[in-house]
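What follows is a short report on a single structure.
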Amino acid sequence: MQPRFIRVAGVVAGELPSAVPAKRNRRRASAIVLGLAAAVLASTGPAGAAPGPVNAAPVPANAASGPVSSTRAPVVNRVMSWNLHAGGEDVSAQAREVARLRPQVIGFQEACRADVKEIQSQLKRMGLTYYVAYGTVRGDRWNCGLWGGNAFGQAVLSATPIVERGNQLYSQGGTEERGYMWVRTMVNGKATWVYNTHLAQAGQRTERARQVAELTRATRSRARAVILGDFNAEPQYAELGGMWSSRFRDADPDCGRAENYPACAPTADANPRRKKFDYIWLRGITAPGGNTVVGSPHSDHDMVYAGLR
């Protein structure tokens, strides 16, 4: 396993020893907190007010280990992607993680509808109100059990009203149904199309390539677009070629089409090492501060967020 690390603006800010790379080890290890040096200038105005700074608030490496921020307003230019690990985690702890980061828009993957509703409710009690849209790919009890609201897939939470929304299954999901969803909402005071997806799992590169082709066709007319998601593929994999050729760029400035360009921050537990699977793809938008990867003991994926301009 490679050591875990947090990257801010493409610079490695600190490392965790390889003894705690995976979720099962993180849960048995003592919490390790790394302070990330950043300016704290969060916007407190309504949507459409002067935008907040990029990557505005300092975030501990293990966000669950510190107090929830007393600044309740979301950071108006911050978007976040997180795979919730479908129904097997502490939902209250996940809500606290989100509250600490205060994103304007959140894309969840492997999300049980009842869990998302509970996260939304707990965030409201912490002073953060979000609108929600669901991208259901399974309407039965599959991964979510009785507690999952009988629906599984993606979800988007937005601090400003969601003007348009939609959901589409891929023509070939692989061994599980997969799909993408979209909303139109405000990010940094600007109308923005936000897509959220989860591609086919390991060993299904052909299916992932088809899914990327369908996703890029769907976003072709969107000049200002963000795609959040778990792509189950590293940047150099052939199936992601369609993303790069469609003028999308990852918010991580160290992630490019070439392998180790120079070194993307890993985001997910995988074999035989941790890998970069989680993305914030941008077209017509920049992320001057790059992206930040924040480890969590409450999923097998890290949280990834970026400040957009």
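Each residue takes its place number in the sequence, starting with 1.
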> Considering the options Asp302, Asp252, Asp250, which one meets the side chain to side chain donor-acceptor pair (under 3.5 Å) requirement together with Lys276?
Replying inline: Asp250
>> Phe231 vs Leu215, test: side-chain contact (heavy atoms from CB on, under 4.5 Å). Steps then yes/no.
In response: CA-CA 12 Å; Phe231 279 66; Leu215 179 62; 4.1 Å; yes
> Within a strict 4.5 Å, meaning less than it, do heavy atoms of the Gln211 and Thr197 side chains meet?
Replying inline: no
> Do Val75 and Gln104 pass the side-chain contact (heavy atoms from CB on, under 4.5 Å) test, and can you show the C-alpha distance, the side-chain angles, and the key distance before you say yes or no?
Replying inline: CA-CA 6 Å; Val75 181; Gln104 175 81 357; over 6 Å; no
>> For Ser296 versus Glu97, what's the shortest heavy-atom pair and its separation?
In response: OG-OE2, 2.5 Å
> Any side-chain heavy-atom pair from Phe277 and Glu234 closer than 4.5 angstrom?
Replying inline: yes
> With a 4.5 Å heavy-atom cut-off, do Asp115 and Val91 have their side chains touching?
Replying inline: yes
> Linking I/L/V/M/F/W/Y whenever their side-chain heavy atoms sit closer than 4.5 Å, directly or via other members, would Leu157 and Val294 fall into one cluster?
Replying inline: yes
>> Which residues pass the side-chain hydrogen bond (donor to acceptor under 3.5 Å, both in side chains) test with Thr267, not counting sequence neighbours?
In response: Asp278
> Which distance, rounded to the nearest 0.5 Å, do you find between the OH of Tyr305 and the OG of Ser81?
Replying inline: 14.0 Å
> What residues, two or more places apart in sequence or in another chain, satisfy side chain to side chain contact (heavy atoms under 4.5 Å, CB included) together with Arg224?
Replying inline: Lys190, Thr192, Ile285
> Salt bridge check: are Glu118 and Arg125 linked by an N-O gap of less than 4.0 Å?
Replying inline: yes
>> For a quick test of reading the model, state the closest non-hydrogen atom pair linking Val293 to Ala265 and the distance between them.
In response: CG2-CB, 3.8 Å
> What do the steps show when you test Val137 against Arg178 for side-chain contact (heavy atoms from CB on, under 4.5 Å), and what is the final call?
Replying inline: CA-CA 6 Å; Val137 297; Arg178 301 291 197 195; 5.7 Å; no
>> Counting C-beta onward and ignoring hydrogens, is there a side-chain heavy-atom pair between Asn196 and Gln109 closer than 4.5 Å?
In response: yes
>> Using the side chain to side chain contact (heavy atoms under 4.5 Å, CB included) criterion, which residues pair with Ala191? Sequence neighbours excluded.
In response: Arg184, Met186
> Looking at Gly307 and Pro288, what are the two nearest heavy atoms and their distance?
Replying inline: O-CD, 3.8 Å
> In the single-linkage hydrophobic clustering (I, L, V, M, F, W, Y; side-chain heavy atoms under 4.5 Å), do Tyr130 and Val132 co-cluster?
Replying inline: yes
> About how many Å separate CD of Gln154 and CG of Asn167, when rounded to the nearest 0.5 Å?
Replying inline: 7.5 Å
>> If I take atom CE from residue Met303 and atom CG from residue Asn291, how far apart are they, to the nearest 0.5 angstrom?
In response: 13.0 Å
> Taking the side chain as C-beta and beyond, is there a heavy-atom pair between Tyr279 and Met243 under 4.5 Å?
Replying inline: no
>> Please tell me whether Ser299 and Gln94 have a donor and an acceptor in their side chains that are separated by less than 3.5 angstrom.
In response: no
>> I'd like to know if Val105 and Trp193 are part of one continuous hydrophobic network [Ile/Leu/Val/Met/Phe/Trp/Tyr, side-chain heavy atoms within less than 4.5 Å].
In response: no
>> Tell me whether Tyr237 shares a hydrophobic cluster with Val212, the cluster being built from Ile, Leu, Val, Met, Phe, Trp, Tyr side chains joined at under 4.5 Å.
In response: no
> How long is the gap from NE2 on His301 to CG on Asp269, to the nearest 0.5 Å?
Replying inline: 7.5 Å
> Would you find a donor on one side and an acceptor on the other, under 3.5 Å apart, between the side chain of Arg78 and the backbone of Arg102?
Replying inline: no
> If every non-hydrogen atom of Thr129 is compared with every non-hydrogen atom of Lys124, which pair is closest and at what distance?
Replying inline: OG1-CG, 4.0 Å
>> When you measure from the side chain of Arg309 to the backbone of Thr286, do you find a donor-acceptor pair of N or O atoms at a distance under 3.5 Å?
In response: no
> Minimum heavy-atom separation for Leu282 to Ala287, with atom names?
Replying inline: CD1-CB, 3.7 Å
> Taking C-beta and beyond as the side chain, do Val98 and Met80 meet within less than 4.5 Å on heavy atoms?
Replying inline: yes
> Which residues pass the side-chain hydrogen bond (donor to acceptor under 3.5 Å, both in side chains) test with Thr206, sequence neighbours left out?
Replying inline: none
>> Please evaluate residues Thr136 and Arg113 with respect to the criterion side-chain contact (heavy atoms from CB on, under 4.5 Å), reporting the C-alpha separation (whole Å), side-chain torsions for both, the decisive distance (0.1 Å), and the verdict.
In response: CA-CA 8 Å; Thr136 299; Arg113 183 175 293 227; 3.0 Å; yes
> Which residue pairs pass the side chain to side chain donor-acceptor pair (under 3.5 Å) test with at least one member in residues 213-223, sequence neighbours excluded?
Replying inline: Ser171-Glu214, Tyr195-Arg222
>> Please verify the inter-ring angle class for Trp281 with Trp244; under 30° counts as parallel, over 60° as perpendicular, anything in between as tilted.
In response: perpendicular
> Can you tell me how far the CG atom of Leu123 sits from the CD1 atom of Ile106, to the nearest 0.5 Å?
Replying inline: 6.0 Å
> For Cys144 and Phe152, which heavy atoms make the closest approach, and how far apart are they?
Replying inline: SG-CB, 3.7 Å
> What is the distance from atom CH2 of Trp82 to atom CD1 of Ile119, rounded to the nearest 0.5 Å?
Replying inline: 7.0 Å
> Any link between Val194 and Val304 through a network of hydrophobic side chains (Ile, Leu, Val, Met, Phe, Trp, Tyr) touching at under 4.5 Å?
Replying inline: yes
> Got a donor-acceptor contact below 3.5 angstrom from the Arg283 side chain to the Ile227 backbone?
Replying inline: no
> Counting distance only, does the side-chain N/O of Ser246 pair as donor-acceptor with the main-chain N or O of Phe248 below 3.5 Å?
Replying inline: no
> Below 4.5 Å, heavy atoms only, C-beta onward: do Leu199 and Tyr170 meet side chain to side chain?
Replying inline: yes
> Hey, does Gln122 have a side-chain heavy atom less than 4.5 Å from the side chain of Ser92?
Replying inline: yes
>> Checking Asn83 now: which residues fulfil side-chain hydrogen bond (donor to acceptor under 3.5 Å, both in side chains) with it, not counting sequence neighbours?
In response: Glu110, Asp230
